[in-house]
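A short worksheet on the structure shown next.
Within every chain, numbering begins at 1; the chains are lettered A, B, ... in the order of the sequence lines, protein sequences first and strands thereafter.
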Amino acid sequence: MPELPEVETVVREIRGELLNRSITAARFAVPRQLQPHTPRGLARAVAGQTIRDVRRRGKHILLQLDRGLLLVHLRMTGRLYVREAADGERAHERAWFDLNDGRVLAFRDARTLGVIRYLRDGETPLMLNRLGWEPLSDRVSPEELRTVLSRRTIAVKPLLLDQKVWAGIGNIYASEILWEARINPRKRASRLTRSEMERLCQWVPRVLQRALDRGGSTLRNFVGADGRGGSYQRELRVYGREGEPCPRCRAPVRRFVQAQRSTYYCPRCQNTK
DNA sequence: CTCCGATCCTGATGGC
DNA sequence: TGCCATCAGGATCGGA
């Protein structure tokens, strides 16, 4: 599920169910996902604390507790939702936070690449403090972007996946953003023209906001916290559409691999060398 | 610093 | 049906 629009959707869905509930107990199935904590240590740290706020930074979900922050990163296949304890486990659940209203905050993650951490008050790990701009709330000028990109020889598409630039963009929206901005995904970041940087600053928030408005994208039967899933996947312009006509110029969409990830683009309208 | 590739995992899918 | 290769919405690590 999880790029910024999907993570934000999850946060909005679970927020109301978690605010002012307290965690009575917690259990964890995969110790590796908790490092450097142990399952017992983490359970002891959060038990008895009340959830005061639920928010997002980049792709991280942050639960503000009385004395610290519970951080959840969904990575590739993680999902986070509240269910009735009596309903029983769903497939691949890896962590459970019992709430004082008889429900459970469950973390489901088939590939177990997701991460759960507890940060005591004042503790800010590299994970969080290296993150870049928040796309929906930080206004970024082309000049600021140019400063950040000046020494980056990496291609612009993998650059968008670098969370130290903008935090929250993932593989789907990177392709979508570059299609909207008509930028060649292979172009080196430092070589973008002034106009391309302007378009990037415009389209990064626009694409993510539009996806958020639709509740995010749901691919391969993954669903959001409430089990309904978003609808934006139907509106993806190029991602997953190899061979289909570009919605702008009808040229066939192409797929190729950059930094071990698929990139989709239109060779005609994004051919700016 | 920046970069690139390998790596961590499991499950779904498609070809034979 | 079974087997195998490939792919997957992410991020970190080590070496160059």
Taking only N and O in the side chain of [X], is any of them less than 4.0 Å away from OP1 or OP2 of [N]?
X: A/His92; N: B/dT10; result: no
X: A/Thr153; N: B/dC3; result: yes
X: A/Ser262; N: C/dA8; result: yes

Quick one: ring pair (Phe, Tyr, Trp, His ring centres under 6.0 Å) partners of [X], sequence neighbours excluded?
X: A/Phe107; answer: none
X: A/Phe28; answer: A/Phe97
X: A/His73; answer: A/His60
X: A/Trp96; answer: none

5' priority, DNA chain B, between A/Thr112 and A/Ala259 [closest heavy atom]: A/Ala259
Intra- and inter-strand pairs of DNA chain B in dot-bracket (Watson-Crick or G-U wobble, both distances under 3.5 Å; | for another strand): .|||||||.|||||||
What's the [atom1]-[atom2] distance between [X] and [N], to the nearest Å?
X: A/Leu149; N: B/dC1; atom1: CG; atom2: P; result: 18 Å
X: A/Arg108; N: B/dT10; atom1: CZ; atom2: C1'; result: 13 Å
X: A/Arg32; N: B/dC9; atom1: CZ; atom2: C1'; result: 6 Å
X: A/Lys164; N: B/dT2; atom1: NZ; atom2: C1'; result: 9 Å
X: A/Glu235; N: C/dG9; atom1: CD; atom2: C1'; result: 17 Å

Integer angstrom distance from the P of C/dC3 to that of B/dC9: 25 Å
Expected output: side-chain A/Ser22 to main-chain A/Gly48 donor-acceptor under 3.5 Å: no
Residues which pass side-chain contact (heavy atoms from CB on, under 4.5 Å) with A/Arg120, listed by chain and number, not counting sequence neighbours: A/Tyr118, A/Glu123
Ring centroid separation A/Phe256 to A/Tyr265 under 6.0 Å: yes
Where at least one partner belongs to residues 38-52 of chain A, residue pairs that pass salt bridge (charged side-chain N to carboxylate O under 4.0 Å, His left out), sequence neighbours excluded: A/Arg52-A/Asp66
Summary of protein contacts for nucleotides 10-16 of chain C, nucleotide by nucleotide, where a base hit scores B, a sugar-phosphate-only hit scores S (4.0 Å, heavy atoms): BS-----
Nucleotide nearest A/Tyr264 when distance is taken to its side chain, options C/dA8, B/dC9, B/dC3: C/dA8
Pairs meeting criterion ring pair (Phe, Tyr, Trp, His ring centres under 6.0 Å) with involvement of residues 137-163 of chain A, two or more places apart: none
